[in-house]
Amino acid sequence: AEALAGRLAAMTHDLLAAASIAERRLVWTNPAWYPLLGWSDGELHAAPYDRFLHPDDLPVVRELEAALLDGRAGDRPETDVRMRGRDGAYRTFAVSATYSPADELVFLCGKHVTTRRRTEEDLRSAEERYRAATDSTHDGVVSADINGRIIFWNGGAAAIFGYSEA
């Protein structure tokens with residue numbers, strides 16, 4: 001079973017790690033860390049893990065650590081954390097963690113979500129610009145889905161057709 005777990009840890013693209021909160025360092029990492037962040041196992045294990053975190057994320061990480069140790073975190077809490085790569089660029093990871101009192105370690109899994117989060121933010125910005133443009137005109141703007149069902153109309157369309165949102 002241990003060999004199987006090692007093979008699974010080696011083949012995943014997600015970050016896997018065991019961390020000592022008392023020492024504030026990673027004590028085990030899987031091979032995915034190197035291609036995603038550029039740090040070797042030796043570098044990851046030698047320094048406090050705060051060194052790899054974005055300074056603005058440190059309070060979030062500290063609160064998560066406290067919640068894990070106090071049993072307030074729930075079942076595998078998840079948070080976004082930005083980690084610095086060897087190249088100096090930060091990448092965003094959705095990190096879930098669990099505390100093992102028997103091992104006195106936190107086990108974590110991080111999925112690289114930088115592109116996904118950037119795309120989500122771009123979509124939110126585009127939607128805000130669309131709303132601002134359609135809300136600022138007196139012209140009627142109506143959008144329908146492929147089945148002809150109206151999915152959006154602005155204030156100008158409501159005034160023209162005499163309908164409002166239900």
Side-chain angles (χ1 to χ4, degrees), residues 1-132 145-147 149 151-152 165-166:
E2 194 170 314
L4 179 60
R7 286 194 309 232
L8 288 170
M11 71 178 247
T12 185
H13 297 285
D14 294 341
L15 302 181
L16 300 177
S20 167
I21 292 179
E23 298 176 27
R24 302 204 61 75
R25 67 181 188 86
L26 300 170
V27 296
W28 178 86
T29 51
N30 72 327
W33 288 75
Y34 186 77
L36 289 171
L37 292 167
W39 302 108
S40 70
D41 284 348
E43 292 167 315
L44 290 165
H45 302 175
Y49 52 75
D50 292 358
R51 167 184 172 206
F52 305 106
L53 299 173
H54 191 285
D56 293 346
D57 293 345
L58 287 173
V60 173
V61 169
R62 296 256 162 81
E63 175 53 36
L64 177 61
E65 292 167 345
L68 284 166
L69 294 175
D70 295 344
R72 299 180 283 116
D75 186 35
R76 292 189 347 191
E78 185 174 296
T79 190
D80 279 5
V81 176
R82 291 167 290 178
M83 294 186 206
R84 185 175 54 85
R86 175 179 285 289
D87 62 1
Y90 285 94
R91 292 139 179 94
T92 303
F93 293 86
V95 176
S96 60
T98 187
Y99 177 60
S100 171
D103 299 303
E104 295 184 355
L105 295 172
V106 170
F107 297 102
L108 60 95
C109 176
K111 177 169 270 321
H112 186 212
V113 294
T114 303
T115 303
R116 180 185 307 161
R117 295 297 187 258
R118 193 173 298 131
T119 301
E120 290 168 354
E121 182 55 37
D122 290 348
L123 179 58
R124 269 191 296 280
S125 294
E127 287 173 351
E128 288 173 12
R129 288 190 306 276
Y130 177 77
R131 289 272 183 195
D145 66 15
I146 195 166
N147 297 315
R149 193 183 91 213
I151 56 173
F152 170 81
E165 288 190 57

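Counting begins at 1 with the first residue of the sequence.
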For a side chain to side chain contact (heavy atoms under 4.5 Å, CB included) check, start with the C-alpha distance between Phe93 and Val113, then their side-chain angles and the critical distance, and finish with the verdict. CA-CA 5 Å; Phe93 293 86; Val113 294; 5.5 Å; no
Once rounded to the nearest 0.5 Å, what's the spacing between atom [atom1] of [X] and atom [atom2] of [Y]?
{"X": "Asp80", "Y": "Thr92", "atom1": "CG", "atom2": "OG1", "value": "6.5 Å"}
{"X": "Leu108", "Y": "Leu26", "atom1": "CG", "atom2": "CG", "value": "7.0 Å"}
{"X": "Leu36", "Y": "Trp33", "atom1": "CG", "atom2": "CH2", "value": "9.5 Å"}

Ring centroid separation for Tyr130 and Phe152, is it under 6.0 angstrom?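 Between Tyr130 and Phe152, the centre distance is under 6.0 Å.
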Return each pair, listed once, that meets salt bridge (charged side-chain N to carboxylate O under 4.0 Å, His left out) where at least one residue sits in residues 94-115; pairs must be two or more places apart or across chains.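 Matches after skipping sequence neighbours: Asp14-Lys111.
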Suppose the criterion is salt bridge (charged side-chain N to carboxylate O under 4.0 Å, His left out): which pairs have a residue in residues 47-62, not counting sequence neighbours?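 Passing the test, one end in residues 47-62: Arg24-Asp50, Asp50-Arg62, Asp57-Arg82.
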Residues which pass side-chain contact (heavy atoms from CB on, under 4.5 Å) with [X], listed by chain and number, not counting sequence neighbours:
{"X": "Thr115", "result": "Thr119"}
{"X": "Val27", "result": "Ala18, Ser20, Arg25, Leu105"}
{"X": "Pro77", "result": "Leu64, Leu68, Ala73"}

Tell me the closest heavy-atom pair linking Pro35 and Pro31, and the distance in Å.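 So the minimum-distance heavy-atom pair works out to CD-O, 3.1 Å.
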Identify the heavy atoms of Glu78 and Ala94 that sit nearest to each other, and give their distance.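 For Glu78 versus Ala94, the nearest heavy atoms are OE2-CB, 3.7 Å.
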Under the side chain to side chain contact (heavy atoms under 4.5 Å, CB included) criterion, do Arg84 and Leu53 qualify, and how do the steps go? CA-CA 6 Å; Arg84 185 175 54 85; Leu53 299 173; over 6 Å; no
Lys/Arg-Asp/Glu bridge criterion (N-O < 4.0 Å) met for [X], [Y]:
{"X": "Glu63", "Y": "Arg72", "result": "yes"}
{"X": "Arg117", "Y": "Glu120", "result": "yes"}
{"X": "Arg131", "Y": "Glu128", "result": "no"}

A side-chain contact here means heavy atoms from C-beta on lying under 4.5 Å apart; do [X] and [Y] qualify?
{"X": "Glu65", "Y": "Val106", "value": "no"}
{"X": "Glu121", "Y": "Leu123", "value": "no"}
{"X": "Val81", "Y": "Val61", "value": "yes"}
{"X": "Tyr49", "Y": "Ile21", "value": "yes"}

List the steps and the verdict of side chain to side chain contact (heavy atoms under 4.5 Å, CB included) for Thr12 and Asn30. CA-CA 9 Å; Thr12 185; Asn30 72 327; 3.3 Å; yes
Which pairs count as ring-ring contact (aromatic ring centres under 6.0 Å, His included) when at least one residue sits in residues 52-77, sequence neighbours excluded?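 Output for this query lists Trp39-Phe52, His54-Tyr90.
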For Asp145 and Asn147, indicate whether the former's side chain and the latter's backbone hold a donor-acceptor pair under 3.5 Å.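 Side chain of Asp145 to backbone of Asn147, a donor-acceptor pair under 3.5 Å: yes, one is there.
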If you count every heavy atom of other residues, nucleotides or ligands that lies below 6.0 Å from Tyr34 atom OH, does the total exceed 12?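 Atom OH in Tyr34 is not crowded, with 12 or fewer foreign heavy atoms closer than 6.0 Å.
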From CA spacing to verdict: side chain to side chain contact (heavy atoms under 4.5 Å, CB included), Leu16, Thr29: CA-CA 6 Å; Leu16 300 177; Thr29 51; over 6 Å; no
